[in-house]
Structure formats: C-alpha cells, structure tokens
S.K.: 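I have a structure here, written as structure tokens, and I will follow up with some questions on it.
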Amino acid sequence: MLFNQLGLTAELLRAVKEQGYEKATPIQQQAIPLVLEGGDVLAGAQTGTGKTAAFTLPLLQRLQHGTVNRRRVRALVLTPTRELAAQVADSIRDYGRHLPFRTAVIYGGVSINTQIAKLRKGVDVVVATPGRLLDHLQQRTIDLGAVELLVLDEADRMLDMGFIRDIRKVMKALPAERQNLLFSATFSQEIRRLANDLLDSPAEIRIAVNGKPADGISQVVYPVDRQRKRELLSHLIGKENWRQVLVFTRTKHGANRLAKQLESDGLNSAAIHGNKSQSARLAALRDFKAGKVRVLVATDLAARGLDIERLPHVVNFELPHVSEDYVHRIGRTARAGNEGHAISLVCVDEHKLLAGIEKLLQTRLRQETISGYEPDPRIKAEPVTQGRGQQRPSGKRRNGAAKRRSGGGKGKGFGRRPAYA
Ligand code: AMP
C-alpha cells in the first residue's frame, strides 16, 4: 500500500518521499489510520518493521490539528534507552521537517541544564527515557499538563529494565484525557496489565507472531568450542569478507575483550555497552555506520533500538539468556525488506539456551559445522554466567576437557547435558 492512501497530510507525504520510502510497511498500514482516528492502540511489532514511522507520522498529524498558540508539550514518547530516544527524536525531526513543531530529547548521562534550556524555549514533542524525565518533573523543569498523546515505545523492554514505577509516576503528571499508544515486541502478563491500566478500549495490531523474526533473515548455528569462538569469528569475517558486522556478547566485559581481540586480528572493531559514555557510544555507532569500524560488539541493552540501515550480518557470539532477545538481536538485520544473515556461534554450554530459542521460534535452526572448527566432544558444559562482573572461571578448570567422559559425547558437542547452576 502506498503512503498516500493512508490519509496523511501533504507535508508528511513530502517528508516520507524525501526519505525514499515508497510503500508503507504492514505496521504502518495498520497503525497510521488507527492513530489518526484518535483512539488508543496496542501494537505488537519489533524494531525493523517500520514501527517508528508508524507512530511518528500520525502523531505529527494529530498535532497539526491543534492550534499552536503557545508551545507546550503536547506529545510524549517514552523509550527504554538513550539510543532509542535519540533515534525516535531524529525520526520525528525527519518526518516533521515541513511542520513547525519542536522536539526535545531527554535522557540521562548528559547535562540536564542543556535540556532545561531547550525546554524553556518551548517544545511540542518530548522523547524521553523515564528516569531523566522524572528528574525534570521533580525539578519542575517540565510541564506535562497539556500532553494529548502518549507513546510507550518498546514497552516490554522498559519493563525488563525496571522502569514500571517510573512510568507510573510519569502517568500521574499527565492529563487523564489523552490518546495512548503502546508498542511492544512481546506480550507478557505484565505488559497486558500495563496495557489494561493505561489504554482505553485499544485497537490491537499484531505484526509478527510473538517472537517470530522478520522474513528475509537467514539463520544459521555454527557449533564451536567456547575457546575457539573468537578465532572462528575472525575466520568467518575474513573468509566471507563481511564488511559490517554487529556482534552480540552477554556481558560488557566480554564485549570489551572481544573488540580488543578482533582488533589484534586486524579487524577494526569497537564495543558499545552501558559503561561507555553516551558520546563514546554514539561515536562508535557513527564510525560503524560510516564503514570505519567493521565490527561493532554490543551487549543487548546497548544495542536495543539501534537503527542501522541494511545491516547485513548479526552474530550471536554468545546466545542471550532471554530467548526473546535473540529475536531482538537478529531484528537488526533484514530491516524493512532487506536480506540479512543471523549467525550464532554456539558452544556446548549454550545447549539449553539454544533449545529455548528454538522453542520460541517453533523451529529448529539450521546447524553447520565449519571444517577445522568442529567441537571437541570431550569438552564438558559449564554454567553460563551473566554480567555484573561474573566471569567464567578461567584457566585450568575450564579445560575440563582433560577429563574424558566414557559414555556419549558423539556428534558435534551438542546432545550432552550442560551443567547449569
Ligand atoms: P523501525 O522498525 O522503526 O526501527 O524502522 C526500521 C527501518 O526501516 C528504519 O531504518 C527506517 O528508516 C526504515 N523504514 C521505515 N519505514 C519504511 C518504509 N515504509 N519503507 C522502507 N524503509 C522504511
């Protein structure tokens, strides 16, 4: 369906055209008319489906209806991360370039004074992460009393990140009479509860089946020993001549270490994670987009919402603990109809995580063994640890390989029971 069939105004259609988009994506086709009608919407869509434009375009059009006597915050978009906030604000500016609205983006980790100065001048749209927005509310440097439209973007992730109380506090600062849009990739009980509290008889849109990745993504699993993952990754990048690769690790420490190791293998790499400053993260992202950095290593939270067009390769250096994160991760590739490749390097420790992902996807992922990197069947599974300074036990214990197991152990290092804690 073409954009001009959706009831959008000429200013917005012009901006869409300047973005180079021809057809509206399914979420845009469904959401835009519903939001324009003015009712609440509950939408299930992941990144990569064009969801940002699906709420941004009609949001801007709704603002066009009102009179702009005095600038007041009339639309509020809440996002889980700073990166996503910055990207949504960029989209609003892009699509709203022929309209008179002003947008402010508000998140922590940067000076609050610059934000206060911007807010003082008057803005129509605010895109914010919940924590910093609350700071502004407490300091009375923002007035949300005129908000007509609220968007919760990636609501599932906001709940995962523990923002529920902050969100509820923000709600108290909003007028009761308003339009609400809730976007979420998954629908847990908690999301349903939030939706029930927040939305008034919402229209529901579901784009992909819960947890189903976009079409156009080829997925493959390469079984490999944990100690040889880095070597295999460098090998694949070099041999296949991948020019732009987003690699996921489970921990910040792991992301740093891997980026350094890849550098020493001669691959320009950078790491982004929560311990890096906002400017360092944005600089890494810019260099990656510009092709100066070939491999960007990221943790799940840091990568959330990253908008990198036509990203061809996503690598799970380590599988995520939460199966849904696999879908989010690989959603970075094959965006908006492009082809993409999702590669998972899976060692014997991750057998159970892989099973969880396959259960969510309701399919078995294709497995291929790379010659020279066949897993050593003598290596035993070890517990998979998670962030916060927990590291794998290193050194001798790890090569428990030495202890031969008599039974089993055939095949590719799969099919044995991992020793989960
Ligand atoms: P999103 O799901 O909002 O993160 O968007 C994913 C990507 O698709 C972004 O890079 C958008 O610029 C792009 N995009 C959004 N809508 C369209 C469209 N109708 N046609 C082509 N690309 C689009």
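Because the structure is predicted, anything quoted here is derived from the model rather than measured. Whatever order the structure lists them in is the order used to number ligands and atoms, beginning at 1.
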S.K.: Before accepting this row, confirm whether a basic side-chain N of the pair R157/D325 lies closer than 4.0 Å to the acidic partner's carboxylate O.
M.R.: yes
S.K.: Does a side-chain N-to-carboxylate-O contact under 4.0 Å join E83 and R281?
M.R.: yes
S.K.: Q219 versus L361: any side-chain heavy-atom pair under 4.5 Å?
M.R.: yes
S.K.: Could you list which atoms of ligand 1 come closer than 4.0 Å to a heavy atom of T25?
M.R.: 18 (C), 19 (N)
S.K.: Which atoms of ligand 1 are found less than 4.0 Å from any heavy atom of T52?
M.R.: 1 (P), 3 (O), 4 (O)
S.K.: Show the atoms of ligand 1 that are less than 4.0 angstrom away from any heavy atom in K23.
M.R.: 18 (C), 19 (N), 20 (N)
S.K.: Distance under 4.0 Å to a non-hydrogen atom of T49: what atoms of ligand 1 satisfy this?
M.R.: 2 (O)
S.K.: To the closest 0.5 Å, what do you measure between CD1 (I357) and OH (Y326)?
M.R.: 6.5 Å
S.K.: For atom 5 (O) of ligand 1, state which one of G20, G50, A54, A53 supplies the nearest heavy atom.
M.R.: G50
S.K.: Below the 3.5 angstrom mark, is there an N/O of F3, backbone or side chain, next to an N/O of ligand 1?
M.R.: no
S.K.: Is NZ or CZ of K229 both nearer than 6.0 Å to the six-membered ring centre of F317 and within 45° of the ring axis?
M.R.: yes
S.K.: Under 3.5 Å between some N or O of ligand 1 and some N or O of E22?
M.R.: no
S.K.: How far does CG of D166 sit from CE of M171, to the nearest 0.5 angstrom?
M.R.: 10.0 Å
